[in-house]
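Worksheet: one structure, shown below.
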Protein chains: 2
Amino acid sequence: MTKKHASIHDVARAVGVHPSTVSRVLNARTRHLVSPSVAARVTAAARRLGYTPDQVAAGLRTRRSSTVGVLIPDLANPLFPPIVRGIESVLTEAGYTAIIANTDNAAARAREALERFAARRVDGLVLAGVVRRDPLLPRLRALGVPTVLVNRTVDAGGIPAVVNDDAAGSALAVDHLLALGHAFIGHVAGPQRLSTGAARRAGFLAAIKAAGRAVRESAVAVARSYETGAGAQAGRTLLDAHPRLTAIVAANDLLALGCYDELARRGLACPRDVSVVGFNDMPFADRFSPPLTTVHIPHRLIGVEAARLLLEAIAHPETPAREIRVAPELVVRGSTARPPRGRR
Amino acid sequence: MTKKHASIHDVARAVGVHPSTVSRVLNARTRHLVSPSVAARVTAAARRLGYTPDQVAAGLRTRRSSTVGVLIPDLANPLFPPIVRGIESVLTEAGYTAIIANTDNAAARAREALERFAARRVDGLVLAGVVRRDPLLPRLRALGVPTVLVNRTVDAGGIPAVVNDDAAGSALAVDHLLALGHAFIGHVAGPQRLSTGAARRAGFLAAIKAAGRAVRESAVAVARSYETGAGAQAGRTLLDAHPRLTAIVAANDLLALGCYDELARRGLACPRDVSVVGFNDMPFADRFSPPLTTVHIPHRLIGVEAARLLLEAIAHPETPAREIRVAPELVVRGSTARPPRGRR
DNA sequence: ATCGTCCCTGCAAACGATTGCAGAACCCCG
DNA sequence: CGGGGTTCTGCAATCGTTTGCAGGGACGAT
């Protein structure tokens, strides 16, 4: 906005009509109120002057910023870009602009970002990184802005959310390993304060049980974060406790990668000695060594659904919250195989 | 902005002063104009009412949106998130909000995004995906918004830019291979309409020449895009023409991955038969098989510098454009080794 | 006591749009 | 020719801030 953008007044003056007439012409919804001839002259003048409506000014009057805030933990985490693109694609389509902020999983950063969003009077909010008992919740209520959760959800409920069906994903992984003949499967769980960590863990245990196997709580080691180092750490705990383990379901591809590391450290080969299944199917998971068998999550779709839900919530603020659960798929690659002989 | 946000008027009424006084109190720059006692009462009331300034309304008056548009080809390309984060971190620090749009390398999408940015009256622009002779250039001039290029630049010059020193990067790769004893090195170049593709190619040839080796134009195959498929294709062309090639410098990690594929297809092993060097050091390049030796580019830093340059350009629109070139580093991993015997 | 200064505060006009209301012009019909 | 109804356009207020200008009051100096 450095140059002298032409305003609605400039156009009005050029045509010799009142600014309000110009406004009416330029808004599809009100164009029918003005005569075709005047409308034509206005459009012509607008084009000639290179008029671009000032969406911000319009928003001031209409009290709609046509803007939504998207809060994610870390854009550099390959999990999120597809979600964001999904969100963005339907939002732009609908005339909204997404503004995104990273929290780095810090509550303080999240608060600040939320304040910035509030200052911009966003029409809606998408939160991708909530924890199960999120401290932001009261603030959200206070803000009174339509909100949808994506990827992770909260325990409390009451907020629309779009998440992966994590329990189903865990079951996919477990059943695959079971089918291969593994008798003793461990789980490297994600942080339990995150809904994904908890749900995948619960799903894992449920799947084991559903198969009629003994459920040993000790067969799950919880990682402190979704990072390779934490995965290696948890993998070590697990293998120390259960040397006869032949397969691991990791709650996340990065944790799976950590398991790779720990297996290598022990001189064990994947998948020959121990099979590993990841979760997410992050980009280039097929390029790892070995290529990672993992639970594929349709991230872009999740983003798309979230944005749709948000638009719905903006249009009809009183509709009750609903949760959409999208189905994951198992992608079998090179990190899973039959268990070593004598260990079935 | 669904709920009834308290406005400056509400605060004014609560305290019994004029709105303008409230405004003055709330702006650090003008606070000294009002008496400390009144100021205290205003701040108290503002806090009590949960007042949040409406940045949009303020921007309308001040003609500054405190917003900058960031145009990138594709957020899902692992190259860009670090750049965006770098940009965002310094921009938020400075009180600006970044809004990002993806172009998918389509000129039409870029145009639309630019229009949306214009409608939002962005104070500045960061373009990460320009081509050497970019059709957007005239539009940018017309817009008259401070702009900086990042990652790629244009031939024309005249626009501030922050890019990697691609020639230096190519030289790093070539020298490394030369030092290992490779006598015949090929280049899988990136699209030549992109400055990175052109600069890396030129740098490659220059480095070969600088080493006193014969420069064969045929030792470079140009890929149609920065994607694995295109890399495999170009790799095939290269190896068909020069079966005795023992090393390849790829203009990009994805192209390098494509070379992996082509080598595998031919039953050649990397690095035993052919060494491969990538460019970018994308996330998890160390996890590929083999771990990729590649030219590391400090993407976040590039983003940071770009944002700084933009802030500078916004503050002093008349300062001449300058280009910042940041230095890359070679990261040696498992995809390079001495050439096979008898082929040095 | 008067005058000039300096603080502080209020007034009102922007910024660029949207929109309810009212009135002008026109048409049609009786 | 008059009355009623449409259709089109203008007027002015409004959204929430910022800011130049002016005026009121206090205070010190003469």
Side-chain angles (χ1 to χ4, degrees), chain A residues 1-42 45-46 49-67 95 118-123, chain B residues 1-42 45-46 49-67 95 118-123:
Chain A
M1 57 194 291
T2 315
K3 284 283 173 54
K4 59 293 159 158
H5 267 282
S7 87
I8 215 170
H9 287 92
D10 302 326
V11 178
R13 198 171 329 117
V15 182
V17 298
H18 193 269
S20 63
T21 303
V22 176
S23 168
R24 283 190 267 257
V25 172
L26 269 19
N27 275 35
R29 224 186 50 260
T30 48
R31 177 160 17 219
H32 68 277
L33 293 174
V34 11
S35 73
S37 73
V38 172
R41 280 161 53 215
V42 167
L49 299 182
Y51 169 77
T52 327
D54 184 326
Q55 196 162 156
V56 168
L60 179 59
R61 168 68 219 242
T62 58
R63 313 188 56 75
R64 298 185 331 120
S65 63
S66 298
T67 277
R120 295 232 177 254
R121 302 295 190 260
V122 294
D123 294 334
Chain B
M1 59 191 291
T2 316
K3 285 284 172 55
K4 61 289 161 160
H5 267 280
S7 88
I8 217 172
H9 286 92
D10 302 324
V11 178
R13 197 170 331 115
V15 181
V17 298
H18 194 269
S20 62
T21 303
V22 176
S23 169
R24 283 189 268 257
V25 172
L26 269 20
N27 275 34
R29 224 185 51 259
T30 48
R31 178 159 18 218
H32 69 275
L33 293 175
V34 12
S35 73
S37 73
V38 173
R41 281 163 51 215
V42 167
L49 297 181
Y51 170 77
T52 324
D54 185 327
Q55 195 161 156
V56 168
L60 179 59
R61 170 65 219 243
T62 59
R63 313 187 56 76
R64 298 184 330 119
S65 64
S66 298
T67 277
R120 293 237 183 262
R121 303 296 191 255
V122 294
D123 294 333

**Message:** Would you say Arg29(A) places a side-chain N or O within less than 4.0 Å of OP1 or OP2 belonging to dT19(C)?
**Reply:** yes
**Message:** Taking only side-chain N and O atoms of Arg63(A), does any of them lie within less than 4.0 angstrom of OP1 or OP2 on dT14(D)?
**Reply:** no
Any N/O pairs under 3.5 Å between the protein and nucleotides 7-11 of chain C? List them or say none.
from: dT9(C); atom 1: OP1; to: Ser35(B); atom 2: OG; distance (Å): 3.1
from: dT9(C); atom 1: OP2; to: Ser35(B); atom 2: N; distance (Å): 2.8
from: dT9(C); atom 1: OP2; to: Ser35(B); atom 2: OG; distance (Å): 3.4
from: dG10(C); atom 1: OP2; to: His18(B); atom 2: N; distance (Å): 2.8
from: dG10(C); atom 1: OP2; to: Thr21(B); atom 2: OG1; distance (Å): 2.6
from: dG10(C); atom 1: N7; to: Arg24(B); atom 2: NH2; distance (Å): 2.8
from: dG10(C); atom 1: O6; to: Arg24(B); atom 2: NH1; distance (Å): 3.4
from: dG10(C); atom 1: O6; to: Arg24(B); atom 2: NH2; distance (Å): 3.2
from: dC11(C); atom 1: N4; to: Ser20(B); atom 2: OG; distance (Å): 3.3

**Message:** Pairing donors with acceptors under 3.5 angstrom, does anything connect the side chains of Ser20(A) and Arg24(A)?
**Reply:** yes
**Request:** Please tell me which of the listed nucleotides, dT18(C), dA17(C), dG16(D), lies nearest to the side chain of Asn27(A)?
**Result:** dT18(C)
**Message:** Once you apply a heavy-atom cut-off of 4.0 Å, does Ser7(A) come out as touching a base, just sugar-phosphate, or nothing?
**Reply:** sugar-phosphate
**Message:** With each end axis built from five pairs of C1' atoms, what bend angle do you get for the helix from dA1(C)-dT30(D) to dG30(C)-dC1(D)? Round to 10°.
**Reply:** 60°
Would you confirm whether [X], through its side chain, and [Y], through its main-chain N or O, come within 3.5 Å as a donor-acceptor pair?
{"X": "Asn27(A)", "Y": "Thr30(A)", "result": "no"}
{"X": "Arg31(A)", "Y": "Val25(A)", "result": "yes"}
{"X": "Arg63(A)", "Y": "Leu60(A)", "result": "no"}

**Prompt:** Do Ser66(B) and Arg120(A) have side chains that get closer than 4.5 Å, going by heavy atoms?
**Reply:** yes
**Prompt:** Quick one: does Tyr51(B)'s side chain get under 4.5 Å of Leu26(B)'s, heavy atoms only?
**Reply:** yes
How many whole angstroms separate atom [atom1] of [X] from atom [atom2] of [N]?
{"X": "His5(B)", "N": "dC15(D)", "atom1": "NE2", "atom2": "C1'", "answer": "14 Å"}
{"X": "Arg31(B)", "N": "dT18(D)", "atom1": "CZ", "atom2": "P", "answer": "12 Å"}
{"X": "Arg64(A)", "N": "dT18(C)", "atom1": "CZ", "atom2": "P", "answer": "11 Å"}
{"X": "Leu26(B)", "N": "dT17(D)", "atom1": "CG", "atom2": "P", "answer": "9 Å"}
{"X": "Arg41(A)", "N": "dC8(D)", "atom1": "CZ", "atom2": "P", "answer": "14 Å"}
{"X": "Asp54(A)", "N": "dC15(D)", "atom1": "CG", "atom2": "P", "answer": "18 Å"}
{"X": "Ile8(A)", "N": "dT19(C)", "atom1": "CD1", "atom2": "C1'", "answer": "12 Å"}
{"X": "His9(B)", "N": "dT17(D)", "atom1": "NE2", "atom2": "P", "answer": "8 Å"}

**Message:** Please determine whether any donor N or O and acceptor N or O are separated by less than 3.5 Å between the side chain of Arg61(A) and the base of dT18(C).
**Reply:** yes
Can you see which heavy atom on [X] is nearest to which on [Y], and at what distance?
{"X": "Val42(B)", "Y": "Val15(B)", "value": "CA-CG2, 3.9 Å"}
{"X": "Ser65(B)", "Y": "Val122(B)", "value": "OG-CA, 3.6 Å"}
{"X": "His9(A)", "Y": "Pro19(A)", "value": "CD2-CG, 3.4 Å"}

